[in-house]
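Computed from heavy atoms alone, side chains included, the values below leave out hydrogens, waters and symmetry copies.
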Amino acid sequence: MDPSEGRPRTPEPAEPLPWFGGGRNGPHRFGALRRPKDAVIAGLLVLVLGIGTLVSGLNGGHSSRGSSVSDALGSWGDVVALFICAVVSGLGAFLFVVGVVRHPWYRRYRRTHGRPPF
């Protein structure tokens, strides 16, 4: 007797953050990032880029003779640069978290169905 005969079949878990992947027949807004592993890698790269830009700016990225951007924007140039670094780093962190949240579901789906969901 098969041990699974007496137990009711468990329902398939819902896809976490379905708007990100677009589903099987959806619009695929982020086509290159449908797989969680791709989202994690892209998130890490963008996060490292944002943090690296921030660190290089804080370590005296300005030359001794000044730059035209610093002259034109004054102290607002630093504020704009920090804002851009924060946005880029936030996007990287977001992609990383989305990939980590979706990975267990993706792995379970491939193991169950023998094919990727997309």
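- Contact record, Arg110 with Pro116: CG-CA, 3.9 Å, taken as the closest heavy-atom pair.
- Cluster note: Val40 groups with Leu44, Phe96, Val100 through ILVMFWY side-chain heavy atoms spaced under 4.5 Å, whether in direct contact or through intervening members.
- In this structure Leu45 satisfies the side-chain contact (heavy atoms from CB on, under 4.5 Å) test together with Ile41, sequence neighbours excluded.
- Evaluation of the side-chain contact (heavy atoms from CB on, under 4.5 Å) rule for Val101 yields Pro16, Leu17, Val97 as partners, not counting sequence neighbours.
- Residue His103 holds its NE2 atom at 11.0 Å from CZ of Arg108, rounded to the nearest 0.5 Å.
- The hydrophobic cluster containing Val87 also includes Phe83, under a criterion of side-chain heavy atoms closer than 4.5 Å among ILVMFWY residues, counted directly or through chains of members.
- When every heavy atom of Gly99 is checked against every heavy atom of Ala39, the shortest pair comes out as CA-CB, 4.0 Å.
- When all heavy atoms are compared, the tightest approach of Leu47 to Ser89 is CD1-O, 3.3 Å.
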